[in-house]
Amino acid sequence: MLIEKEIFNLLSDLCAKPGFIHALVDMHFSDNYFKADEKNNFTVSQVAKHEADRSKLNRNEVNTLLALVIKNNKKFIMDKLPNEDVLIEYKIQAYRLLEQFHNILTEGSRNNFIESLFSVKLNEIKSIEKDIFINKDFLREAIFYSGDGVYDFQYQWLGFYKYRHDNNWISENKGFSVDWLNPRLPISFFNIIFHLHHQKTDKLKPISINDFIYSKYEIINFITELFGDDAGRCFPVDVMLNFMTSFSIDDNLMTRFEKFNEFDDFNPIVAFPFIKLGDEKYFLLDIYTLAQAFYETPFFWFLEDKEYKNTASDNRGQFTEEFTYQILCHAFGKENVWINVDLYPKSNQIQSQKDKAGEIDILVNIQGTALVFQAKSKKLTLDARKGNISKINSDFASSIQAAYNQSFECSRILLSNNYIAKIDGIEIAIPEVNYCIPICVLSEHFPALTAQIRWFLKENTDLCIAQALVLDVFLLQLMQVTLKTPLEFLHFIFSLSKVRQNFLSNTQIDLLSQHLIRNILCSNEADMYMLDNGVSAQLDLYLTQEFRGIKFNKNDMELPSCWLKYQNTYWYKLFEFCSSLDTSDKVSFGLELMRFSEEDIESYNNLINKINSNFILDRSRKFSDFHISFNTNFGITVYVYQDVIVDKIFKNQVVEHAKLSKYRAKADLWAGLIVSTTGSVKYIKVVNNKWEFNNELQTKIQKLVSKSKPKILVNKKIIARKIGRNDPCPCNSGKKYKKCCLR
């Protein structure tokens, strides 16, 4: 078996052969593009199958091959197209060598895992999984072959906002304005490249290298065709060429390829995806890599300017905080969100900087539930990407772990309710906090993030502080687009926090997708879930339609949501009522409501339907009630009420019934509801306290139970009888009646 260095050298020799660039273009197009079916539609199954195909080249492999082509054949663009047999042989060799490299990375981890299976008991594997998986090859494989955790249009959108504060520097030093990268602008530079490229590739004839070459003449003609002669004449094409040149490999940068000698070495193509050909022509193989470079590369320009680099660093932090703040204000309302909050001990009469107990970048308070965000703008270093475990640990500790520690400490201060909060030195009033979720938000994409969080994050324990979350700005943006109400947004955060350790996925996009489609974060069917490539296909199509304006089918793609199918049901009325989260009852009941299974929703809808049918038979009845216990700790008591006005006496009656139902079920949380015959909520009261024995309630339960004559089945006939002292207690505790509710 070949060793890794031999494989790299053989790939280098292969890429040096005349005309290999044509094979690479063909492989890239076949593996990373897909066309509509015979009905000119894109289907979810078609996209899912394509994304799950492990035989295709991933983006890192494509860029590795392109870098080796440039390193060995600087005039590759002049190579003639080889004959078909040579092209096929080139592709066979490339796929085989890259597969061998992948096998090297997985073999060590696989053998280690198999050895562990035989050395420990099955129920002990979870306790030693970190020892099994934390090794150089496993982490290198997870990073090199991680899926695209960011959409290309996200890099464009967020890159535009990320560098707005640096626009003057970019204009003076690079000759283009960030304003021309505004995604909302129809003739933004990115939109022109994207649509021009798709015009060139959307054809019946075979793809060629010319379809990846862009010229000044071509750009002007394209704009003229779309927007008219005036647009073609007025468009700043030379400014666009400055943009392309800024992200281009030119003669000066060619020397950097001499240091590209291993798979994990810095690849200049990732930072400079255009290859400048001269005569105002540019070669670009992968548009996604350009979008990623636009988001990541400028910061390295700033670092080379000693006078500006500190300003640029401050701008990165400002971008992360401001973007997160805007997303959260949109989700929860500006009145519930604060930015740059300083916490001081209440005992200090004078609060100075040295007395500061904590700093919160962004704070959200929803009826006593606090989301404590700490923003970080650091990224995974090159040494960490090479699988250097100590360096991964170091990168993780300086960014994610540090943010968690800060967030946890601030959560403890908030829960003490013994602090003074200030913004810019001005004291503010924050509602009392009773539960906190620490959240680290990253401005950069961390590959294999879910695995890193699982094995490297060291958490503290507090009953009132949830498990930490680590999100990036890209996931936050997708949450804003797909989670339309405050309740949906909070439900995702709550659910992911509770079950984060049960899921491994290539990207956080996969987690969001399965949450939307299946509410999988609330599933208890397994101890561990592994989400494979392709599970986010439906979300991919929807988001591409929304951001790119591309129509995949005759009808618009709908937002993938497992809740929208209940839109015209009684359950959805409950959802709409709770969605605003403007009371604590709506928060606690709404979060439980979102955990309902399909069977729970159907049960609720069927019971309302049944009561409405009975009302038709007996129009004199004003109300009817039922209760459902959904699990050992939560249930509802529902009164369906025909009158328009609900008086205080009736509300109190419902609350008392809910308290008794809660006590009888030995639950900690119970909701009393009054709904109309259409399902609209007229009143809600949530009883939320830990169950404990109560003499008064016990007496009431005993009276109710002693008066009742439970129906039992005897000889296929239903009869009623009194409860005997030694009979099972009707509260379903499993105890005898005399030792339970009769006491």
Subject >> Minimal non-hydrogen separation, S411 against P438, with atom names >> reply: OG-CG, 4.4 Å
Original post:
So, does N365 use its side chain to make a donor-acceptor pair with the main chain of P431 at under 3.5 Å?
Top reply: yes
Original post:
Side chains of L669 and V686: closer than 4.5 Å at any heavy-atom pair?
Top reply: yes
Original post:
Should the pair F332 and F489 be assigned to parallel (<30°), tilted (30 to 60°) or perpendicular (>60°) ring geometry?
Top reply: perpendicular
Subject >> 4.5 Å side-chain heavy-atom contact, L516 and L483 >> reply: yes
Original post:
Which heavy-atom pair separates L343 from I360 by the least distance, and what is that distance?
Top reply: CD1-CD1, 3.8 Å
**OP:** Answer yes or no: are there more than 12 heavy-atom neighbours, outside N689 itself, under 6.0 Å from its atom CG?
**Re:** yes
Subject >> Close side-chain approach of Y151 and F547, heavy atoms under 4.5 Å >> reply: no
Original post:
Sub-3.5 Å donor-acceptor pair from the side chain of K622 to the main-chain atoms of Q642, do we have one?
Top reply: no
**OP:** Mind checking the CD1-CG spacing from I366 to N336? Nearest 0.5 Å is all I need.
**Re:** 4.0 Å
**OP:** Calculate, to the nearest 0.5 Å, the distance between atoms CG and CG belonging to L476 and L442 respectively.
**Re:** 10.0 Å
**OP:** Starting from the C-alpha separation in whole Å, work towards a yes-or-no answer on side chain to side chain contact (heavy atoms under 4.5 Å, CB included) for F693 and N695.
**Re:** CA-CA 7 Å; F693 182 81; N695 276 321; 3.1 Å; yes
Subject >> Y570/Y604 under ring-ring contact (aromatic ring centres under 6.0 Å, His included): CA gap, chis, key distance, verdict >> reply: CA-CA 8 Å; Y570 299 118; Y604 178 81; 7.3 Å; no
**OP:** Can you label the angle between the W563 ring and the H491 ring as parallel, tilted or perpendicular, going by 30° and 60°?
**Re:** perpendicular
Original post:
When rounded to the nearest 0.5 angstrom, what is the spacing between CD in Q545 and CD in E558?
Top reply: 9.5 Å
Subject >> Nearest-0.5 Å distance, NE2 of residue H515 to OG1 of residue T482 >> reply: 8.0 Å
Subject >> Atom pair NZ (K334) and CD1 (I339), whose distance is rounded to the nearest 0.5 Å >> reply: 10.5 Å
Original post:
Got L487 and M594 here, is their nearest side-chain heavy-atom distance under 4.5 Å?
Top reply: yes
Original post:
So, does S407 use its side chain to make a donor-acceptor pair with the main chain of F373 at under 3.5 Å?
Top reply: no
**OP:** Would you mind reporting whether W670 and S629 have side-chain heavy atoms less than 4.5 Å apart?
**Re:** yes
Original post:
What orientation do F634 and F589 show, parallel under 30°, tilted 30 to 60°, or perpendicular over 60°?
Top reply: tilted
Original post:
Which value, rounded to the nearest 0.5 Å, describes the distance between I493 atom CD1 and S495 atom OG?
Top reply: 10.0 Å
**OP:** Specify the closest pair of heavy atoms between F577 and S580, including all atoms of both residues, with the distance to one decimal.
**Re:** O-OG, 4.2 Å
Subject >> Side chain proximity check, I608 to W571, heavy atoms < 4.5 angstrom >> reply: no
**OP:** Could you tell me whether K659 and E696 have a side-chain N and a carboxylate O separated by less than 4.0 Å?
**Re:** no
**OP:** Evaluate the criterion side chain to side chain contact (heavy atoms under 4.5 Å, CB included) for residue pair Y419 and I430; output intermediate values, then yes/no.
**Re:** CA-CA 10 Å; Y419 63 89; I430 295 174; 3.8 Å; yes
**OP:** Please answer whether the main-chain N or O of L471 pairs with a side-chain N or O of Q508 as donor and acceptor at a distance below 3.5 Å.
**Re:** no
Subject >> Any donor-acceptor N/O pair, S536 side chain to L539 backbone, under 3.5 Å >> reply: no
Subject >> Atom of E427, atom of I420 and distance for their closest heavy-atom approach >> reply: CD-CG2, 3.6 Å
Original post:
Are E488 and M479 close enough that some pair of their side-chain heavy atoms sits under 4.5 Å apart?
Top reply: no
Original post:
What's the verdict on ring-ring contact (aromatic ring centres under 6.0 Å, His included) for Y641 and Y683, showing C-alpha distance, side-chain angles and the deciding distance?
Top reply: CA-CA 11 Å; Y641 194 62; Y683 176 72; over 10 Å; no
Original post:
So, does S416 use its side chain to make a donor-acceptor pair with the main chain of I413 at under 3.5 Å?
Top reply: yes
Original post:
Just by distance, do the side chain of N605 and the backbone of I601 share a donor-acceptor pair under 3.5 Å?
Top reply: yes
**OP:** Could you pull out all residues at least two apart from S676 that satisfy side-chain hydrogen bond (donor to acceptor under 3.5 Å, both in side chains)?
**Re:** T678
Original post:
How far apart are the closest heavy atoms of L531 and D510, and which atoms are they?
Top reply: CD1-O, 3.8 Å
Original post:
Is the backbone N or O of V535 less than 3.5 Å from a side-chain atom of Q514, with the two atoms forming a donor-acceptor pair by type?
Top reply: yes
Original post:
Going by distance alone, is a donor N or O of one side chain under 3.5 Å from an acceptor N or O of the other, for D361 and Y325?
Top reply: no
**OP:** Measure the acute angle between the ring planes of Y404 and F408, then classify it against the limits of 30° and 60° as parallel, tilted or perpendicular.
**Re:** tilted
**OP:** Please name the pair of heavy atoms, one in G149 and one in I509, separated by the smallest distance, quoted to 0.1 Å.
**Re:** O-CD1, 3.4 Å
**OP:** Verify side chain to side chain contact (heavy atoms under 4.5 Å, CB included) between T544 and F153, making sure each step is shown before the conclusion.
**Re:** CA-CA 8 Å; T544 304; F153 46 76; 4.0 Å; yes
Original post:
Should V364 and L490 be marked as a side chain to side chain contact (heavy atoms under 4.5 Å, CB included) after you check the CA-CA gap, both sets of side-chain angles, and the distance that decides it?
Top reply: CA-CA 11 Å; V364 181; L490 188 62; over 6 Å; no
**OP:** Report the residues that fulfil salt bridge (charged side-chain N to carboxylate O under 4.0 Å, His left out) with K685, sequence neighbours left out, ordered by chain and then residue number.
**Re:** none
Original post:
Is the count of non-hydrogen atoms from other residues, nucleotides or ligands lying under 6.0 Å from L617 atom CG greater than 12?
Top reply: yes
Original post:
Which class fits the ring pair F575 and Y572: parallel under 30°, tilted 30 to 60°, perpendicular over 60°?
Top reply: tilted
Subject >> Main-chain N/O of V640 paired to K682 side chain as donor or acceptor, under 3.5 Å >> reply: no
Subject >> T637 side chain near L673 side chain, heavy-atom distance below 4.5 Å >> reply: no
Original post:
Which class fits the ring pair H657 and Y639: parallel under 30°, tilted 30 to 60°, perpendicular over 60°?
Top reply: perpendicular
**OP:** Return each pair, listed once, that meets salt bridge (charged side-chain N to carboxylate O under 4.0 Å, His left out) where at least one residue sits in residues 587-604; pairs must be two or more places apart or across chains.
**Re:** K565-E598
Original post:
Looking only at atom types and distance, does a side-chain atom of Q374 sit under 3.5 Å from a main-chain N or O of C440, one as donor and one as acceptor?
Top reply: no
Subject >> Heavy atoms from other residues, nucleotides or ligands near CZ of R412 exceed 12 (cutoff 6.0 Å) >> reply: no
